[in-house]
Amino acid sequence: MPLINVLCDVKIYVFLGILFALIFGFDNPDASTILMFVLIAQMAVSLDGIQFRKDDFRLYDRQIVGCLIACFGINTGLTLVTGLFFLDDSHLWTGWVMLSSVPCAVSVVVSSLVMKGDAKMSVLSLTVIYVCAILLTPLITKAILGSAADPLEILKYIVMFIAIPFALSFVVKRLHLKSEVKSVFINLMMLLMVFIGLGSRRDFIFSDIDVVMWLVVACIFRTFALGFVLIFLFRRMGVKRENGIVYLVMAAWKNSGMSISLTMALFATTMPDAVLPCAVSLVVEAAWFGVMSKLIDRVWPPDPEEPSTPQTPSPA
């Protein structure tokens, strides 16, 4: 296997992040601040290359609404339902709520490309979803957590996590980075997010391994089980494959990195264990993408008669 393929394989970085977290931990009082910079840097580079025209929104209006439903309807709803199994632990329940409230990952564009989905549709939907998240994320957390989460504080962080990366992406664009360089950088940031998210709760992981394993099982159910059910339903409903792929990734892949940063920024001192559902989800979602990208053509073969949609350049 060529070295560049190894360096661009996100699974290796996730594994190293877990390994370093369990061996060394990350007991740093500035962990939440460091994680914010990591997330902003990763998103800024990920957003580089995302392009669209104003008219595209009109052409894809139905698909965009479908993606909004997939992200803040199916994904958010199932995440909350999964979190109900941990309702008796206020810390973990808070983590599930924070995970449910964030938008989808920027990586949905890359996954759409890899799995032969409509990349233009994923780019347009991602843009609309992130704009809507500025209001929806604070509203969801306020509605469920009440006074435990200050909606204005959440709004501040959400604007920061969205507006700053979008602004920085224009600076990154001027650097004309090669796709391989961007992939390696994004993966390194993923490693750091896993390392900080899990490493900050290393003591809890070793002291209550049973809870962590149940979190893993819950996240697997939320991503893998949902993914295969949606593929079955989309095929039965006659959904166009290249559209269905985008709906699938929007419904399965939350921006867990954002939820980790947001949770640590808000609850690092009052509910330190709230970050665990978000951190475990980050790991499982990366594994889901690795598995699904290999299996998708078997479980949902491309239609040879289906015309190919022009693809938008990958942001990573």
Side-chain angles (χ1 to χ4, degrees), residues 2-10 12-13 17 30 32-60 64 67 102-114 117-134 155-196 246 249-250 253 255-258 260-262 265 282 286 289 309-316:
L3 178 61
I4 191 61
N5 290 348
V6 175
L7 293 175
C8 292
D9 189 345
V10 67
I12 294 175
Y13 293 83
D30 297 319
S32 61
T33 302
I34 295 170
L35 195 57
M36 287 181 201
F37 284 109
V38 170
L39 175 66
I40 289 172
Q42 187 198 48
M43 288 185 63
V45 175
S46 298
L47 290 167
D48 177 38
I50 290 183
Q51 300 175 0
F52 51 82
R53 297 172 299 181
K54 292 181 180 179
D55 291 345
D56 291 333
F57 289 100
R58 178 177 54 82
L59 296 174
Y60 281 84
I64 291 172
C67 287
V102 296
C104 56
V106 179
S107 303
V108 296
V109 178
V110 178
S111 56
S112 296
L113 279 167
V114 171
D118 188 331
K120 176 63 73 67
M121 172 182 161
S122 66
V123 167
L124 297 171
S125 300
L126 178 78
T127 305
V128 173
I129 285 171
Y130 271 63
V131 172
C132 292
I134 294 174
L155 175 61
K156 180 187 76 174
Y157 283 114
I158 287 295
V159 170
M160 182 176 70
F161 291 147
I162 293 175
I164 294 178
F166 266 105
L168 288 176
S169 69
F170 292 100
V171 178
V172 175
K173 185 177 182 180
R174 294 180 178 274
L175 299 177
H176 303 290
L177 299 175
K178 293 183 178 180
S179 61
E180 293 84 1
V181 174
K182 290 192 288 186
S183 292
V184 172
F185 180 83
I186 290 168
N187 289 341
L188 281 171
M189 296 302 102
M190 176 74 82
L191 185 157
L192 287 175
M193 281 193 284
V194 174
F195 172 57
I196 296 171
V246 182
V249 294
M250 296 283 182
W253 205 340
N255 192 331
S256 298
M258 183 184 292
I260 293 172
S261 295
L262 194 57
L282 180 68
F289 170 62
T309 301
Q311 301 294 294
T312 301
S314 167

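With sequence neighbours left out, the salt bridge (charged side-chain N to carboxylate O under 4.0 Å, His left out) criterion links Lys173 to no other residue.
Considering CH2 of Trp253 and OG of Ser111, their distance stands at 5.0 Å, rounded to 0.5 Å. Rounding to the nearest 0.5 Å places CG of Leu35 at 12.0 Å from CG of Asp30. The CE atom of Met160 sits 9.0 Å away from the CG atom of Leu262 when rounded to the nearest 0.5 Å. Rounding to the nearest 0.5 Å gives a distance of 5.0 Å between CZ of Phe166 and OG1 of Thr127. Residue Leu47 holds its CG atom at 10.0 Å from CD of Gln42, rounded to the nearest 0.5 Å. Here the CD1 atom belonging to Ile162 is positioned 11.0 Å from the CD1 atom belonging to Ile40, to the nearest 0.5 angstrom.
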- Task: Run the numbers on Asn255 and Met43 for side-chain contact (heavy atoms from CB on, under 4.5 Å), then give the verdict.
- Result: CA-CA 10 Å; Asn255 192 331; Met43 288 185 63; 3.8 Å; yes

Can you list the steps and then say if Ile129 with Cys67 is a side-chain contact (heavy atoms from CB on, under 4.5 Å)? CA-CA 8 Å; Ile129 285 171; Cys67 287; 4.3 Å; yes

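Between Phe185 and Leu177, every side-chain heavy-atom pair lies at or beyond the 4.5 Å cut-off. Looking at Val106 and Leu126, their side chains come closer than 4.5 Å, going by heavy atoms from C-beta outward. Between Val102 and Phe161 the shortest side-chain heavy-atom distance does not fall below 4.5 Å. The side-chain heavy atoms of Met190 and Leu282, taken from C-beta on, include a pair separated by under 4.5 Å.
Nearest approach of Tyr157 to Ala265, heavy atoms of both residues: CZ-CB, 3.7 Å. Met258 and Leu39 get closest at one heavy-atom pair: CA-CD2, 3.4 Å. Scanning both residues, Gly17 and Val194, for their nearest heavy atoms gives C-CG1, 3.6 Å. When all heavy atoms of Ser122 and Val109 are compared, the pair lying nearest together is OG-CA, 3.7 Å. Nearest heavy atom pair, residue Val172 against residue Ala44, reads CG2-O, 4.3 Å.
In this structure, Tyr13 contributes its side chain and Leu192 its backbone to no donor-acceptor pair below 3.5 Å. Looking only at distances, a side-chain donor or acceptor of Asn187 sits under 3.5 Å from a matching main-chain atom of Cys8.
Within a 6.0 Å radius of CZ in Phe57, more than 12 heavy atoms belonging to other residues, nucleotides or ligands are found.
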